[in-house]
Number of protein chains: 2
Amino acid sequence: MSKRPTSRDVARVAGVSQSTVSLVLAGKSEGRVKPETGRAVREAARRLGYRPNLAARSLRLGRTRTVLLVVPTLTSPFFGAVYTGAARVASERGFGVVVHPWTDEAAPARSPVDIEAIDGVLASSLGGGVAGFGDVPLVVLDNDPADPATSVNFDVAGGMRAVARHLADLGHRRLGHLAAAVDTWTFRVRAEVLTETGALTAREHCAIDVAAAREAALALLDRPDRPTAVVCDDDLIAAGAYKAARHLGLDVPRDVSVTGFDDILVATALEPELTTIRLPAERLGAQAMTALLERLDGQAPPDVSLPAELIVRGSTAPPAP
Amino acid sequence: MSKRPTSRDVARVAGVSQSTVSLVLAGKSEGRVKPETGRAVREAARRLGYRPNLAARSLRLGRTRTVLLVVPTLTSPFFGAVYTGAARVASERGFGVVVHPWTDEAAPARSPVDIEAIDGVLASSLGGGVAGFGDVPLVVLDNDPADPATSVNFDVAGGMRAVARHLADLGHRRLGHLAAAVDTWTFRVRAEVLTETGALTAREHCAIDVAAAREAALALLDRPDRPTAVVCDDDLIAAGAYKAARHLGLDVPRDVSVTGFDDILVATALEPELTTIRLPAERLGAQAMTALLERLDGQAPPDVSLPAELIVRGSTAPPAP
DNA sequence: GCTTTGACGTCATACGTATCACGTACGACG
DNA sequence: CGTCGTACGTGATACGTATGACGTCAAAGC
């Protein structure tokens with residue numbers, strides 16, 4: 001239960017000064033410390049199991065080389081991909097990434113930036129948590145480009161237009177929309193684009209959740225002018241639509257076509273596999289991290305928009321004649 | 001672009017000393033500072049937008065009141081629930097939680113404990129990353145109780161026995177096992193329990209991934225002495241089994257019963273809904289955090305085992321006669 | 001023989017906070 | 001009048017690190 005060794009302890013054991021230890025372990029001893037001495041220092045550090053005190057280092061340097069990724073939930077595979085992209089870029093530049101789940105509603109007692117000493121924040125706009133980060137450099141994911149913060153997002157409108165065109169080409173004239181009951185930019189755009197097509201005949205709102213989506217889909221499908229295609233704001237919502245269709249004795253895609261959004265794992269777990277929009281989540285993470293690191297360098301990176309690609313699978317077909 | 005204000009700046013503005021600012025903002029000014037002065041300090045802090053420097057505080061106090069949750073992946077809803085439970089308990093005690101994805105294979109350049117200044121680690125054993133945390137207090141999730149570190153886990157053996165009994169009661173005599181190709185305690189236990197039943201006739205290994213599971217399931221189902229029930233190590237693997245069954249023209253559960261493990265979201269997204277083992281992930285997180293905080297208090301909490309409950313849904317039925 | 005140069009290190013200091021040990025009034029009390 | 005107690009603060013310091021400004025000593029150069 002002895003105390004954790006400090007650089008001074010290492011210095012004592014190696015028979016040098018603390019400064020020298022710091023120099024050697026930082027790799028800045030080139031030409032200033034005899035190779036032999038350097039080895040002795042490293043050996044002593046190893047023997048004592050020395051690990052630098054990160055708090056002290058941060059205090060001294062005024063930065064932590066760590067950024068925080070704020071996500072609305074850990075339960076979505078989508079953010080796993082975002083993290084992967086972000087972490088790869090960060091790692092190349094010697095930065096670390098930690099993750100903190102956070103939404104406005106379920107805000108913990110301490111805001112994410114009060115939890116840890118960090119240099120910057122990458123925040124998802126889902127859940128709306130864009131404010132409250134103080135003056136920490138910030139890049140927002142999937143956010144309204146009109147927002148002052150630097151944002152990196154998907155071409156959601158383009159993706160939704162591709163869905164609409166795909167369904168129109170198949171011959172669908174009555175579209176139903178299962179919209180996420182979340183008021184953020186990305187979902188507002190989806191609704192607007194669909195409305196503009198002129199083919200929309202019904203819309204229901206629900207939580208991003210299979211059971212809730214099933215209920216909403218029942219309301220949408222169990223009506224006289226039943227839509228021949230259901231456009232869903234999220235793949236999970238599409239899973240609920242499948243269940244509702246099955247419950248009503250409707251076959252997907254023969255009786256009703258279904259489309260999703262995101263191309264997460266369930267898209268291919270469903271039967272038939274889901275026609276959906278693939279969002280390059282990993283690229284999003286990478287681009288956002290690149291932008292954030294540029295901000296940390298004092299630059300002002302431009303907003304970025306990434307393409308959203310239509311993936312046609314088995315859940316869409318021409319409507320029954 | 002002015003510098004971030006320090007407690008000394010606040011002191012200057014409020015016309016008091018830095019010590020007083022610290023006292024007031026820490027809420028320890030009771031009877032030592034005039035209420036009026038306290039108000040002035042708080043007002044000055046607010047005006048300047050003062051936020052304490054966490055690095056300096058950590059250095060001074062020798063602790064950060066932050067713990068790190070290490071998970072193998074962010075793509076699993078399971079760990080979302082673990083986090084929720086852990087964060088709730090931590091928050092009650094004034095601790096914050098950050099998350100870091102990590103596996104042995106995809107180890108980033110810097111180990112999680114080198115990323116941030118933290119007081120303790122909650123690590124998932126999946127991926128095996130139990131070593132390499134130095135002397136930081138550690139609690140391991142879902143790990144072999146034989147391991148020296150404090151562990152909090154599920155009664156995996158009990159859960160698997162419940163599955164075996166359920167299938168035996170239905171009349172199944174030939175079980176196939178779709179095992180996760182991951183060598184950790186939790187999966188070893190599942191395999192052992194199934195082997196002991198004596199009813200196991202075939203086993204295939206695959207990654208925890210729908211596509212891989214589908215291939216493995218095809219190998220399992222496309223053979224003369226086809227198992228009448230397929231026991232899967234994970235709900236995602238079960239999703240692959242569904243696909244394989246469908247591909248072979250087999251109906252679930254009429255021609256083949258399928259069981260999962262975890263009761264994550266896909267379990268109810270599948271059709272028919274999946275009979276599976278529910279693991280109380282949120283309780284796991286809460287219990288583990290409780291244990292970790294006890295360790296931080298210098299205690300030595302005992303290992304904990306949480307019950308695993310069989311949830312019978314539509315994917316299991318008596319075998320065809 | 002005296003200065004210069006280079007190689008090899010060390011000294012001292014600052015980062016921002018929390019806290020222990022001291023003041024300094026001022027009224028009360030004997 | 002002297003002493004004590006209380007209310008209200010402040011001064012000084014330490015936490016562990018990184019780094020710019022200084023030695024020191026021997027060999028080389030003039």
Side-chain angles (χ1 to χ4, degrees), chain A residues 2-42 44-45 48-66 94 114 116-119 134-135, chain B residues 2-42 44-45 48-66 94 114 116-119 134-135:
Chain A
S2 67
K3 249 173 73 293
R4 180 170 164 166
T6 72
S7 61
R8 228 176 294 270
D9 297 325
V10 174
R12 192 170 332 109
V13 169
V16 298
S17 77
Q18 181 266 331
S19 326
T20 305
V21 172
S22 184
L23 279 176
V24 169
L25 298 183
K28 299 187 179 173
S29 53
E30 204 58 46
R32 301 176 45 78
V33 174
K34 224 187 311 186
E36 180 192 331
T37 311
R39 266 193 300 277
V41 167
R42 269 183 287 268
L48 292 178
Y50 169 73
R51 314 184 76 114
N53 181 312
L54 296 175
R57 172 178 290 172
S58 300
L59 177 59
R60 175 66 226 244
L61 295 179
R63 61 207 154 72
T64 59
R65 295 191 84 73
T66 299
D114 290 338
E116 266 299 346
I118 48 169
D119 288 348
D135 49 2
Chain B
S2 66
K3 251 176 68 295
R4 181 170 164 164
T6 74
S7 60
R8 228 177 294 269
D9 297 326
V10 175
R12 193 172 330 109
V13 169
V16 298
S17 77
Q18 181 267 331
S19 326
T20 305
V21 172
S22 184
L23 277 178
V24 170
L25 297 184
K28 298 188 178 171
S29 54
E30 204 57 46
R32 302 177 43 77
V33 174
K34 224 187 310 185
E36 181 191 332
T37 311
R39 265 193 300 278
V41 167
R42 269 184 287 269
L48 293 178
Y50 169 71
R51 314 185 78 115
N53 181 313
L54 296 175
R57 173 177 290 172
S58 300
L59 176 59
R60 174 65 225 249
L61 295 179
R63 62 208 153 74
T64 58
R65 294 191 86 73
T66 299
D114 290 337
E116 267 298 348
I118 50 170
D119 289 347
D135 49 2

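Note: hydrogens, waters and symmetry copies are ignored here, and every other heavy atom, side chains too, is used. Numbered from 1 within each chain, the chains take letters A, B, ... in sequence-line order. Nothing here was measured: the structure is a model prediction, and the numbers come from that model.
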Enquirer: Tell me: NZ of B/K28 to C1' of C/dT17, nearest whole Å?
Expert: 12 Å
Enquirer: How far apart are the closest heavy atoms of A/A40 and A/A14, and which atoms are they?
Expert: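 A/A40 and A/A14 have their closest heavy atoms at O-CB, 4.1 Å.
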Enquirer: Among residues at least two apart in sequence or on other chains, which ones pass side chain to side chain donor-acceptor pair (under 3.5 Å) with A/D119?
Expert: A/T64
Enquirer: What N/O pairs connect the protein and nucleotides 6-9 of chain C at under 3.5 Å? Give each pair on its own line.
Expert:
{"unit_1": "C/dG9", "atom_1": "OP1", "unit_2": "A/T37", "atom_2": "OG1", "d": "2.9"}
{"unit_1": "C/dG9", "atom_1": "OP2", "unit_2": "A/K34", "atom_2": "N", "d": "2.5"}
{"unit_1": "C/dG9", "atom_1": "OP2", "unit_2": "A/T37", "atom_2": "OG1", "d": "3.1"}
{"unit_1": "C/dG9", "atom_1": "O6", "unit_2": "A/R32", "atom_2": "NH2", "d": "3.4"}

Enquirer: Output the single nucleotide from C/dT10, D/dT17, C/dG16 whose closest atom is nearest the side chain of A/A56.
Expert: D/dT17
Enquirer: Can you sort out the partners of A/R12 under side chain to side chain donor-acceptor pair (under 3.5 Å), two or more places apart, ordered by chain and number?
Expert: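 Partners of A/R12 under the side chain to side chain donor-acceptor pair (under 3.5 Å) test: A/D9.
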Enquirer: Answer yes or no: is there a donor N or O on one side and an acceptor on the other, between the side chain of B/R51 and the main chain of B/R4, under 3.5 Å?
Expert: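 No: the side chain of B/R51 does not pair with the backbone of B/R4.
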Enquirer: Please report the distance, rounded to the nearest Å, between CD in B/E30 and C1' in D/dA7.
Expert: 13 Å
Enquirer: Which atom pairs, one a donor and one an acceptor, fall under 3.5 Å between side chains of residues 17-25 of chain B and the rest of the protein, sequence neighbours left out?
Expert:
{"unit_1": "B/S17", "atom_1": "OG", "unit_2": "B/S19", "atom_2": "N", "d": "3.4"}
{"unit_1": "B/S17", "atom_1": "OG", "unit_2": "B/T20", "atom_2": "N", "d": "3.4"}
{"unit_1": "B/S17", "atom_1": "OG", "unit_2": "B/T20", "atom_2": "OG1", "d": "3.2"}
{"unit_1": "B/Q18", "atom_1": "NE2", "unit_2": "B/S7", "atom_2": "OG", "d": "3.4"}

Enquirer: Nearest whole angstrom, please: distance from the P of D/dG16 to the CZ of A/R57.
Expert: 14 Å
Enquirer: Using atom CZ of B/R51 as one end and atom P of C/dT17 as the other, report the distance to the nearest whole Å.
Expert: 13 Å
Enquirer: Would you tell me if any nitrogen or oxygen in the side chain of A/S7 comes within less than 4.0 Å of OP1 or OP2 on D/dT17?
Expert: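 It does, given that an N or O in the side chain of A/S7 lies less than 4.0 Å from OP1 or OP2 of D/dT17.
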Enquirer: Roughly how many Å is it from CG in B/L25 to P in C/dT19, rounded to a whole number?
Expert: 13 Å
Enquirer: Can you measure A/R12 atom CZ to D/dT17 atom P for me and round it to whole angstrom units?
Expert: 12 Å
Enquirer: Classify the nucleic acid contact of A/T6 as base, sugar-phosphate or nothing, counting any heavy atom under 4.0 Å across all strands shown.
Expert: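 Sugar-phosphate contact only - A/T6 comes under 4.0 Å of backbone atoms but never of a base.
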Enquirer: D/dG16, C/dT19, C/dA12: which one has an atom nearest the side-chain heavy atoms of A/R8?
Expert: D/dG16
Enquirer: List the residues meeting side chain to side chain contact (heavy atoms under 4.5 Å, CB included) with B/A56, not counting sequence neighbours, and say none if there are none.
Expert: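 B/A56 satisfies side chain to side chain contact (heavy atoms under 4.5 Å, CB included) with A/L59, B/N53 once adjacent residues are dropped.
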Enquirer: Base, sugar-phosphate or nothing for B/L59? Non-hydrogen atoms, less than 4.0 Å.
Expert: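 Base contact.
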Enquirer: Expressed in angstrom and rounded to an integer, what is the separation of A/N53 atom CG from C/dC15 atom C1'?
Expert: 13 Å
Enquirer: Cut-off 3.5 Å, no hydrogens considered: what does the side-chain donor-acceptor table look like for residues 29-38 of chain B, sequence neighbours left out?
Expert:
none

Enquirer: Once you round it to whole Å, what is the distance between C1' of C/dC15 and CZ of B/R4?
Expert: 13 Å
